[in-house]
Trainee: 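Below is a structure I'd like to ask you about.
Residue numbering restarts at 1 for every chain, and letters A, B, ... go by the order of the sequence lines.
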2 protein chains.
Amino acid sequence: MKFAKIPMATIVRLSIYMRTLQELLEDDVDVISSERLAKQCGVNPAQIRKDLAYFGEFGVRGVGYRVNELVNQIKDILGLNRPWNLAMVGLGNLGSALIRHGNFIKHGYMFTAAFDIDPQKIGKRLPNGLIINHVDELEEIIKQREVHVGIITTPASEAQSVANQLVLAGINGILNFAPVQIQVPDCCHVENVDFTIKLDSIAYHLSFGS
Amino acid sequence: MKFAKIPMATIVRLSIYMRTLQELLEDDVDVISSERLAKQCGVNPAQIRKDLAYFGEFGVRGVGYRVNELVNQIKDILGLNRPWNLAMVGLGNLGSALIRHGNFIKHGYMFTAAFDIDPQKIGKRLPNGLIINHVDELEEIIKQREVHVGIITTPASEAQSVANQLVLAGINGILNFAPVQIQVPDCCHVENVDFTIKLDSIAYHLSFGS
DNA sequence: TGAATAATGTGAATAATATCACATTATTAG
DNA sequence: CTAATAATGTGATATTATTCACATTATTCA
């Protein structure tokens, strides 16, 4: 898998196609054309075909794509046909809410560690059964439990230091909810989720038209 | 303001520059070059200059940019030098956590309405003083309180119907946390926040190298 | 079987975006 | 005051991403 250099935008769109295809599956649709899928995802049909073409041929000419096959093929492409273990660092409002949020589980992600520094929280059991550990134990526990991805939901001020510790513990993927740009070595891939930036985009659009 | 067609990516980057500049302000930096700012934001220096050039000349040749002036100029560009009122629809784990999360306030956004359908929640007072109303009252309250942006944190199944109601109530901007693609008329601008998609990108990178 | 239809896969064309490179303008120091 | 240095603003260039358009292949129906 993976021949040419794949645009990041393609990867993101593949996730979106997959989500939509999974919904279609639930509605018992078993074949779909790039045209119909494109409409549902809000993209151009050729875009879908090109995105998939980076990785092979998955459709049937004159017919379309078999939905359940394509879901699995996209999962293969993205590396989702295996479990991924997550560690949450920072169990404030947001962190706790995310752990309780069903969407991670639904897509095959599993929380296997949770950290905070608040003595009041250490040792507490979360609704999913996980016990909150002190950040001091981060490296050891992350290695022990084979965590793959760290999620940072600490205040901005702590994010960089947490990121450093995650990297030290051997983590190569970070999902960062703290509103700062964290610096990591090239071996580590960071994705940022900053909703106030999205709000800024909305504000811009509302202020100055499309 | 706004002469040529501005790339969406530019708008997003302007938010990021602004965040970084605000941090610099707190550290009493008062002038910065595009080169240093670029490094901190992880972009190319020429990119910053080009992004700003869409809107005017904000720097001083041979010197750089005055940090506090530039923050304000970017706020003007994005339409952030005014209050924006938000309505939260869906007060489950995520919605409640977001309302309590300080980041919206910090950037000038204000929650002025909150809606749910759970009878247990209706009438309850949130930590910020807001009282939760039934979604049936959405249109009336949104108009009354001059809400500008709706935030959807309902289950996926409810998101489209909530979006429809928001549009009916005159809302032109939606921040959607539900993991579905919602359909709205062109007058309404939607931004999606889907962290499982970001996780998928991380999974891909971890599986197949950069 | 063969013609009509449908929809993929893909090279070529187009459009959008990012980067380079340098002319221009401030500042500083001798 | 002049030369050296620093850093912006921007036309030109390079790169990347998207869309078009059509050849190809599967299916259906007469």
Trainee: Distance check: side-chain N/O of A:Gln47 vs OP1/OP2 of D:dT19, anything under 4.0 Å?
Mentor: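 Yes, within the criterion.
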Trainee: Take B:Glu35 and A:Ala9, find for each the nucleotide of DNA chain D with the closest heavy atom, and name the residue whose nucleotide sits nearer the 5' end.
Mentor: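 Between the two, 5'-proximity favours B:Glu35.
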Trainee: Could you give the CG-to-P distance, from B:Leu52 to D:dT10, as a whole number of Å?
Mentor: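 Rounding to the nearest Å, CG of B:Leu52 and P of D:dT10 are 11 Å apart.
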Trainee: Calculate the interatomic distance between A:Phe58 atom CZ and C:dT8 atom C1'; express it in whole Å.
Mentor: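 So the CZ-C1' distance, A:Phe58 to C:dT8, works out to 13 Å.
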Trainee: Any donor-acceptor pair under 3.5 Å between the side chain of A:Lys50 and the base of C:dT10?
Mentor: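 Result: no qualifying N/O pair found.
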Trainee: Would A:Arg19 and B:Asp200 pass as an ion pair if we require N to O under 4.0 Å?
Mentor: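 Answer for the salt bridge query: yes.
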Trainee: Atom CD of A:Glu57 and atom C1' of C:dA7: how far apart are they, to the nearest Å?
Mentor: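 Spelled out: CD on A:Glu57 to C1' on C:dA7 is 13 Å.
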Trainee: Are B:Tyr65 and D:dG9 close enough that a side-chain N or O sits under 4.0 Å from OP1 or OP2?
Mentor: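 B:Tyr65 to D:dG9 OP1/OP2: side-chain N or O found under 4.0 Å.
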Trainee: Of the options D:dT19, C:dT19, D:dA7, whose atoms approach the side-chain atoms of B:Ser33 most closely?
Mentor: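 Closest nucleotide to the B:Ser33 side chain: D:dA7.
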Trainee: Mind calculating the distance between CD1 (A:Ile48) and P (C:dG9) to the nearest angstrom?
Mentor: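 Going from A:Ile48 (CD1) to C:dG9 (P), I get 11 Å.
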Trainee: Tell me which nucleotide, if any, is Watson-Crick or G-U wobble paired with D:dC29 when both distances must be under 3.5 Å.
Mentor: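 Here D:dC29 is engaged in a pair, and the nucleotide opposite it is C:dG2.
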Trainee: Report the distance from atom CD1 of B:Ile32 to atom P of D:dA7, rounded to the nearest whole Å.
Mentor: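 After rounding, the reported distance stands at 11 Å.
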Trainee: If the test is salt bridge (charged side-chain N to carboxylate O under 4.0 Å, His left out), which one of B:Glu139, B:Glu140, B:Glu146 qualifies with B:Lys143?
Mentor: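 In the set B:Glu139, B:Glu140, B:Glu146, the residue that makes a salt bridge (charged side-chain N to carboxylate O under 4.0 Å, His left out) with B:Lys143 is B:Glu139.
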Trainee: Please tell me whether A:Thr112 and A:Arg145 have a donor and an acceptor in their side chains that are separated by less than 3.5 angstrom.
Mentor: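 No, because no side-chain N or O of A:Thr112 sits under 3.5 Å from a partner of the opposite role on A:Arg145.
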Trainee: Round to the nearest Å and state the distance from B:Asp51 atom CG to D:dT10 atom P.
Mentor: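 B:Asp51 atom CG is separated from D:dT10 atom P by 13 Å.
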Trainee: Rounded to whole Å, how long is the line connecting atom CZ of B:Arg61 with atom P of C:dC22?
Mentor: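 Spelled out: CZ on B:Arg61 to P on C:dC22 is 16 Å.
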Trainee: Would you indicate, yes or no, if D:dT18 has its OP1 or OP2 atom less than 4.0 angstrom from a side-chain nitrogen or oxygen of A:Arg13?
Mentor: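 Yes, such a contact exists.
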Trainee: Can you spot which of B:Thr20, B:Leu21, B:Val63, B:Leu70 makes a side-chain contact (heavy atoms from CB on, under 4.5 Å) with B:Ile32?
Mentor: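 Going through the options one by one, the only one that passes is B:Leu21.
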Trainee: Would you say A:Ser34 places a side-chain N or O within less than 4.0 Å of OP1 or OP2 belonging to C:dA7?
Mentor: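 No, outside the criterion.
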Trainee: Starting at atom CG of A:Leu37, determine the distance to atom P of C:dG9, rounded to an integer number of angstrom.
Mentor: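 Roughly 13 Å, once rounded to whole Å.
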Trainee: Which nucleotide wins on minimum distance to the side chain of A:Ala53, given the candidates C:dT10, D:dT10, D:dT8?
Mentor: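 So the nucleotide nearest the side chain must be C:dT10.
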Trainee: Does the side chain of B:Glu191 come under 3.5 Å of the side chain of B:His189 through a donor N or O and an acceptor N or O?
Mentor: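 The criterion, which ignores hydrogens and geometry beyond distance, is satisfied for B:His189 and B:Glu191.
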